[in-house]
J.: 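The following block contains the structure, expressed as structure tokens.
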Amino acid sequence: MRLDVVSIFPEYLAPLELSLIGKARTDGLLDLHVHGLRDYTSDRHRTVDDTPYGGGAGMVMKAEPWALALGDIAAQVPARRPTLIVPSPAGEVFNQKLAYELAEEEHLVFACGRYEGIDERVLEWAAEQFTVRPVSLGDYVLNGGEVAVLAMVEAIGRLIPGVVGNPESLIEESHSDGLLEYPVYTKPSTWRGRDIPEVLLSGNHGKIAKFRREHQLRRTAARRPDLIAALDVSHFSKTERNV
Ligand SMILES: NC(=O)c1ccno1
């Protein structure tokens with residue numbers, strides 16, 4: 001997968017050189033390019049913003065630098081219609097389902113807005129050669145798109161085959177089956193007077209699976225009842241419907 005990120009703070013994306021994503025880049029699983037938006041300005045001050053038409057607080061990111069940056073990126077990979085992700089509190093909400101969907105894409109481009117946002121005409125212009133998707137991490141506001149991109153690239157990148165050492169670990173994690181993950185424990189079996197659930201020492205895989213599933217259901221019902229409500233009833237066995 002090719003990924004391009006455009007930002008006025010390219011150094012903000014340095015963490016993508018670390019850990020699993022960094023190794024995936026070294027291994028050639030992820031072809032990630034970070035671009036400085038100011039490289040696409042031509043004035044002495046490398047201006048990327050201006051006052052909003054209609055008044056109001058703050059500044060708006062100018063269209064031309066974005067068009068030059070995105071046009072340059074699209075020209076570098078002419079064969080494919082990239083998906084342009086624009087992190088924004090006004091976007092569709094990012095979740096594991098969308099992460100899996102985007103992990104299937106060949107080319108993702110991320111536009112990190114700042115200030116009050118990007119001139120809307122950029123998204124209209126970009127729709128000629130990109131599939132444009134404003135995406136939100138959640139119902140809160142960040143100062144820019146960079147932090148959202150770090151989160152999304154990690155969530156998407158880890159789903160690409162070969163990035164995570166053991167693909168099994170992707171199966172039993174939160175949201176992989178619509179539920180939150182079960183509690184996990186490791187040695188010592190007694191820690192500061194607290195024992196692990198005895199069933200986990202039984203070696204009885206059926207009982208262990210039942211324990212884990214029950215705790216997934218309880219944890220999800222307690223912390224995210226919205227996820228339970230969203231699941232089809234066929235997701236639950238007859239006995240589970242009363243947990
Ligand atoms: N909620 C968000 O994803 C966001 C992105 C930029 N500002 O807020």
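Just follow the structure's listing: the first ligand is 1, and inside any ligand the first atom is 1.
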J.: Look only at interatomic distance and state if V141 has a nitrogen or oxygen under 3.5 Å from any nitrogen or oxygen of ligand 1.
T.: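 No: no nitrogen or oxygen of V141 is under 3.5 Å from one in ligand 1.
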
J.: L102 and side chain to side chain contact (heavy atoms under 4.5 Å, CB included): which single residue from L159, V153, I85 fits?
T.: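 Testing L102 for a side chain to side chain contact (heavy atoms under 4.5 Å, CB included) against L159, V153, I85 leaves exactly one candidate, I85.
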
J.: How far is atom 8 (O) of ligand 1 from the closest protein heavy atom, and which atom is that?
T.: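 Heavy-atom neighbour on the protein nearest atom 8 (O) of ligand 1: L142 N, 3.1 Å.
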
J.: Give the residue, atom name and distance (to 0.1 Å) of the protein heavy atom nearest atom 6 (C) of ligand 1.
T.: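 I find the closest protein heavy atom is G144 O, 3.7 Å.
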
J.: Tell me whether ligand 1 is touched by G91 - counting only heavy atoms on the residue side and a distance under 4.0 Å.
T.: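 Under 4.0 Å: no for G91.
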
J.: Could you go step by step and tell me if V34 and L32 meet the side chain to side chain contact (heavy atoms under 4.5 Å, CB included) rule?
T.: CA-CA 7 Å; V34 179; L32 192 146; 3.5 Å; yes

J.: Got E168 and L170 here, is their nearest side-chain heavy-atom distance under 4.5 Å?
T.: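 Heavy-atom side-chain distance check fails, nothing below 4.5 Å.
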
J.: When you compare the side chains of T83 and R133, does any donor N or O come within less than 3.5 Å of an acceptor on the partner?
T.: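 No, no side-chain donor-acceptor contact under 3.5 Å.
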
J.: I'd like to check which ligand 1 atoms, numbered from 1 as shown, lie under 4.0 Å from a non-hydrogen atom of S136.
T.: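 Here the atoms of ligand 1 in question are 1 (N), 2 (C), 3 (O).
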
J.: Please determine, by modelled atom types, if H35 and D72 share a side-chain donor-acceptor pair under 3.5 angstrom.
T.: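 There is no such pair between these side chains.
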
J.: So is there a nitrogen or oxygen of Y140 less than 3.5 Å from a nitrogen or oxygen in ligand 1?
T.: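 Yes, there is a polar N/O contact under 3.5 Å.
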
J.: Is a donor from one side chain sitting under 3.5 angstrom from an acceptor on the other, for D177 and Q216?
T.: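 There is such a pair (donor and acceptor under 3.5 Å, judged by atom type) between the side chains of D177 and Q216.
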
J.: Distance to 0.1 Å, residue and atom name: give those for the protein heavy atom nearest to atom 3 (O) of ligand 1.
T.: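 Scanning the protein heavy atoms, the shortest distance from atom 3 (O) of ligand 1 goes to L137 N, 2.7 Å.
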
J.: Does an N or O anywhere in G138 fall below 3.5 Å from an N or O of ligand 1?
T.: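 For ligand 1, there is an N or O atom that lies under 3.5 Å from one belonging to G138.
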
